[in-house]
Number of protein chains: 2
Amino acid sequence: MNDVTFRCDCPISSALDLLGDKWTLVIIKQMLLENRRTFKDFLEADEGIATNILSTRLKWLESLDLITKEKLPDNKKVNIYRLTEKGLSSTPIIIELAIWSDKNLRQLHPILQESNAMIHTDKQGLIDHLITNYRKQNLE
Amino acid sequence: MNDVTFRCDCPISSALDLLGDKWTLVIIKQMLLENRRTFKDFLEADEGIATNILSTRLKWLESLDLITKEKLPDNKKVNIYRLTEKGLSSTPIIIELAIWSDKNLRQLHPILQESNAMIHTDKQGLIDHLITNYRKQNLE
DNA sequence: TTAATTACTTGCAAATCGCAAGTAATAATC
DNA sequence: GATTATTACTTGCGATTTGCAAGTAATTAA
């Protein structure tokens, strides 16, 4: 499963070898900002990912140690997916995508959702808050 | 050419509808950090993009107004590609990818190139410097 | 005037995507 | 306790995208 191949030795291109596709960062965003953590949660999101793609991407993310997968003791059916610290550390990338979007995409896509206002007044505060909050809600 | 379709109204997913693939941000990086600006420049980079993919992506980036294409008055052959302000404003995304890579990818890919040291001591300074510098070198 | 360079296009095989359908295990309901 | 629903998948298949090789057309250099 974990057949990572890197195009070259550039750190930026290498990051994109892992994260640079249509779905990987979307799934991380759904976990971080929308508290999604089960297969069904991801399927129900607005982006409309297909089941086979979701299944493949979750395995990919797990093999890269960006997320973990476990079952709760009282439920043998539902898998809970959680961001690892490595996954959580992609928060600044996601926030910069939101900022770029706010600045450049509204004329192309007028009905874009509003971003958290804090994104423009205290970016680092927002990032810290999101990470702290995520950790808090996922101690177990 | 410009057949942008957005999956949904999330700003982050929408940014990834434009930038979230294997090559788009790599080309922007090559322009911003490696001063590449001709078809040949891009082809010669370590990432090894194929000619047909490069051609398609340059048109895509131009149609989105992230880059411009023009010929110099003294050379009717070579096209010069340049980042627009919209393209330049993706610099923070690229820098955050480099930071994430520095932090998380070295154990997976030990021979990664060193990033500019400033990235960890004065991130905003580096971003400002890169943008100012790029503008200076591309006034014409 | 011949050769080289640049910026492409075309063809094709392989890989990936995305929809639909099916399955297997567990949990909830009657 | 049997039936139904839910969750997390897998499989099949057609469509799209990728990446390599080869070819082309315009311009420039030798």
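Below, chains carry the letters A, B, ... as their sequence lines are ordered, and counting in each starts from 1. Side chains are part of it too, since the values below use all heavy atoms of this structure and drop only hydrogens, waters and symmetry mates.
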Spacing between Ile67(A) atom CD1 and dA8(D) atom C1', to the nearest angstrom: 13 Å

Polar side-chain contact Lys77(A)-dT6(D) base: donor and acceptor under 3.5 Å: yes

Rounded interatomic separation in angstrom, taking CD1 from Ile53(A) and P from dA8(D): 18 Å

Expected output: side-chain Tyr134(B) to main-chain Leu83(B) donor-acceptor under 3.5 Å: yes

Leu19(B) backbone acceptor or donor facing Thr24(B) side chain under 3.5 Å: no

Protein-nucleotide distance (Lys71(B), atom NZ; dA7(C), atom P), rounded to Å: 8 Å

Spacing of Asn52(B) atom CG relative to dT16(D) atom P, expressed in whole Å: 17 Å

Nearest-angstrom distance from the residue atom CG of Leu43(B) to P of dA4(C): 19 Å

Touch class at under 4.0 angstrom, heavy-atom based, for Lys69(A) against every strand present: sugar-phosphate

No-H, no-angle donor-acceptor pair, Thr51(A) side chain to dT10(D) base, under 3.5 Å: yes

Length of the CG-P vector between Asp21(A) and dT18(D), whole Å: 11 Å

Sugar-phosphate only, base, or nothing, as touched by Tyr81(B) at under 4.0 Å among non-hydrogen atoms: sugar-phosphate

Presence of Ser55(B) side-chain N/O under 4.0 Å of dT9(C) phosphate oxygens OP1/OP2: yes

Residue met sooner reading DNA chain C from 5', once Ile49(A) and Asn75(A) are mapped to nucleotides: Ile49(A)

dT5(C) OP1/OP2 closer than 4.0 Å to side-chain N/O of Lys76(B): no

Any Arg37(B) side-chain nitrogen or oxygen under 4.0 Å from OP1 or OP2 of dT6(C): no

Nearest-Å distance for atom pair CZ/P, residues Arg57(B) and dA7(C): 18 Å

dG19(D) phosphate, OP1 or OP2, under 4.0 Å from Trp23(B) side-chain N/O: yes

Stepwise salt bridge (charged side-chain N to carboxylate O under 4.0 Å, His left out) check, Arg7(A) with Asp46(B): CA-CA 8 Å; Arg7(A) 282 174 281 204; Asp46(B) 284 348; over 6 Å; no

Check: Asn138(B)/Arg37(B) side-chain N/O donor and acceptor closer than 3.5 Å: yes

Nucleotide of dC9(D), dA8(D), dC8(C) approaching Phe39(B) most closely (side-chain heavy atoms): dC8(C)

Side-chain donor/acceptor of Ser13(A) to backbone N/O of Cys10(A), under 3.5 Å: no

Nearest-angstrom distance from the residue atom CG of Leu54(A) to P of dT7(D): 14 Å

